[in-house]
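Heads up, the thing below is written out as structure tokens.
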Amino acid sequence: MAWWLRLALVLVLLGATAAAFAVTERLKLERSPITGTQVDKVFSPVCECARDVAVISFVLRRRETVTLDILDKDRRPIRTVVRDKREPAGRAFFTWDGRDNLDRVVAEGVYRPRVQLERNGRTIVLPNPIRVDTTAPVISLVRVFPRVFSPDADGNRDRVTATYRIDERARAIMLVEGRQRVQSKFQRLAGQLVWFGRIDGRPVRPGTYEIRLRAVDRAGNRSVRTRAVPVRVRFVELARDRIEVVAGRRFSVRVRTDADSYRWLFAGTRGASEREVLVLRAPDEPGTYSLFVRVGTRAARAEVLVSPPEE
């Protein structure tokens with residue numbers, strides 16, 4: 001090859017290199033046609049909840065004709081969200097329901113949005129991965145204690161604590177009689193939920209309540225409920241609500257309460273006691289009397305039938 005041909009080839013190559021470098025530098029300096037990208041990081045298309053779609057949004061610097069595709073891990077398009085959609089300048093919003101172009105729920109994994117702009121002639125793969133998670137967490141109820149409590153804020157068994165474990169990081173929820181009453185603040189693998197026996201700020205009525213737990217992961221998947229555990233709310237109780245005694249004789253009744261002391265009222269007399277078993281004397285006059293025991297504003301009642309002494 002003649003020397004002048006070699007020289008011309010070298011000059012052409014240098015020119016092409018310089019042109020490519022100039023284009024590259026111009027692209028570096030040119031502002032991206034989209035900005036302010038916001039993409040949901042994880043969602044579940046099968047959770048039947050508010051998080052069953054992924055929201056994809058960005059700001060267009062000028063009006064554009066947009067095509068938005070979802071790419072799988074191999075950068076293959078598996079879903080066209082919109083095609084050739086005209087959008088004005090400003091923030092544009094799109095949603096992906098976690099399905100492919102055949103309307104099938106996609107496999108769990110990481111996907112990326114790809115934006116094609118017709119007017120600008122640019123194709124941009126957003127740097128925001130979307131994780132599809134369709135597996136519900138599994139929560140185990142380890143312990144519920146105590147099974148009998150009194151929500152009277154006296155510091156003695158005035159709350160019930162449920163200890164749990166979860167197979168993935170998720171929020172735990174306590175259901176009381178089927179309704180959500182307590183939720184964990186953080187997503188954890190293990191922890192405790194505490195119910196103070198209150199609904200809408202007021203203590204519940206005495207009685208038995210069923211407690212169950214369930215978990216909700218970051219994608220919105222909900223676990224099945226745990227087994228039901230009954231707990232009993234008790235403020236003060238008498239072991240018997242009907243007592244038969246002979247006039248003038250002593251009788252006793254067990255008082256069930258978590259309070260340190262209680263007050264009693266019977267046949268015109270009254271007093272206070274700290275004992276678990278209350279011992280009183282029946283009136284000399286036969287008849288039907290009422291025995292009241294009280295803790296704070298809570299009271300229990302028993303009917304005392306006083307019969308004449310045997311002759």
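This is a predicted model, so every value here is computed, not measured.
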statement: Arg75 meets the salt bridge (charged side-chain N to carboxylate O under 4.0 Å, His left out) criterion, sequence neighbours left out, with none
message: Which residues pass the salt bridge (charged side-chain N to carboxylate O under 4.0 Å, His left out) test with Glu210, not counting sequence neighbours?
response: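 Not a single residue meets the salt bridge (charged side-chain N to carboxylate O under 4.0 Å, His left out) criterion with Glu210.
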For residues [X] and [Y]: do they belong to one hydrophobic cluster (side chain heavy atoms under 4.5 Å, members Ile, Leu, Val, Met, Phe, Trp, Tyr)?
| X | Y | answer |
| --- | --- | --- |
| Leu193 | Ile199 | yes |
| Val216 | Leu175 | yes |
| Phe235 | Tyr262 | no |
| Phe94 | Leu71 | no |
| Leu278 | Phe292 | no |

Between [atom1] of [X] and [atom2] of [Y], what distance do you get to the nearest 0.5 Å?
| X | Y | atom1 | atom2 | value |
| --- | --- | --- | --- | --- |
| Leu291 | Trp264 | CG | CH2 | 8.5 Å |
| Thr208 | Arg234 | OG1 | CZ | 11.5 Å |
| Trp96 | Asp40 | CH2 | CG | 11.5 Å |
| Asp200 | Arg181 | CG | CZ | 6.5 Å |
| Phe145 | Arg157 | CZ | CZ | 4.5 Å |
| Arg131 | Tyr111 | CZ | OH | 12.0 Å |

Checking [Y] against [X]: is there a side-chain donor and acceptor pair closer than 3.5 Å?
| X | Y | value |
| --- | --- | --- |
| Thr163 | Gln192 | yes |
| Thr80 | Asp69 | yes |
| Thr37 | Asn128 | no |

Would you call [X] and [Y] a side-chain contact if the rule is heavy atoms closer than 4.5 Å?
| X | Y | value |
| --- | --- | --- |
| Ile211 | Met174 | yes |
| Thr288 | Glu303 | yes |
| Arg214 | Ile173 | yes |
| Ile139 | Arg165 | no |
| Asp217 | Gln187 | no |
| Val82 | Glu87 | no |
| Val236 | Val255 | yes |
| Ser261 | Glu274 | yes |

If I compare all heavy atoms of [X] with all of [Y], which pair ends up nearest, and what's the gap?
| X | Y | result |
| --- | --- | --- |
| Pro230 | Arg147 | O-CD, 3.8 Å |
| Ala247 | Val306 | CA-CG1, 3.4 Å |
| Asp284 | Gly248 | OD1-CA, 3.5 Å |
| Pro308 | Val246 | O-CG1, 4.1 Å |
| Asn221 | Pro137 | O-CD, 3.5 Å |
| Phe149 | Phe196 | CE1-C, 4.3 Å |

Donor-acceptor pair, side chain of [X] and main chain of [Y], under 3.5 angstrom:
| X | Y | value |
| --- | --- | --- |
| Ser150 | Asp152 | no |
| Arg51 | Val42 | yes |
| Thr226 | Leu213 | yes |
| Glu108 | Thr134 | yes |
| Ser140 | Val142 | no |
| Glu237 | Ala300 | no |
| Ser44 | Asp133 | yes |

Quick check on [X]: does its [atom1] atom have over 12 non-hydrogen neighbours (other residues, nucleotides or ligands) under 6.0 Å away?
| X | atom1 | value |
| --- | --- | --- |
| Arg270 | CZ | no |
| Glu48 | CD | no |
| Arg240 | CZ | yes |
| Arg99 | CZ | yes |
| Asp241 | CG | no |
| Arg249 | CZ | no |
| Arg301 | CZ | yes |

- request: Report the C-alpha distance between Arg61 and Thr35 in whole Å, list the side-chain angles of each, state the deciding distance to 0.1 Å, and finish with yes or no for side chain to side chain contact (heavy atoms under 4.5 Å, CB included).
  value: CA-CA 8 Å; Arg61 295 192 186 276; Thr35 186; 3.8 Å; yes
Residues Ile70, Ile56; criterion side chain to side chain contact (heavy atoms under 4.5 Å, CB included); working and verdict: CA-CA 11 Å; Ile70 303 297; Ile56 303 164; 4.0 Å; yes
message: Can you tell whether the side chains of Asp97 and Arg79 come within less than 4.0 Å, N to carboxylate O?
response: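 Salt bridge: yes.
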- request: Would you list the pairs meeting disulfide bond (SG atoms under 2.5 Å apart) in which at least one residue belongs to residues 46-95, sequence neighbours left out?
  value: Cys47-Cys49
- request: Start with the C-alpha distance between Leu238 and Ile243, add both sets of side-chain angles, then the distance that settles side chain to side chain contact (heavy atoms under 4.5 Å, CB included), and finish with yes or no.
  value: CA-CA 10 Å; Leu238 291 167; Ile243 304 170; over 6 Å; no
- request: Walk me through it: do Thr95 and Phe43 pass the test side chain to side chain contact (heavy atoms under 4.5 Å, CB included)?
  value: CA-CA 11 Å; Thr95 58; Phe43 79 109; over 6 Å; no
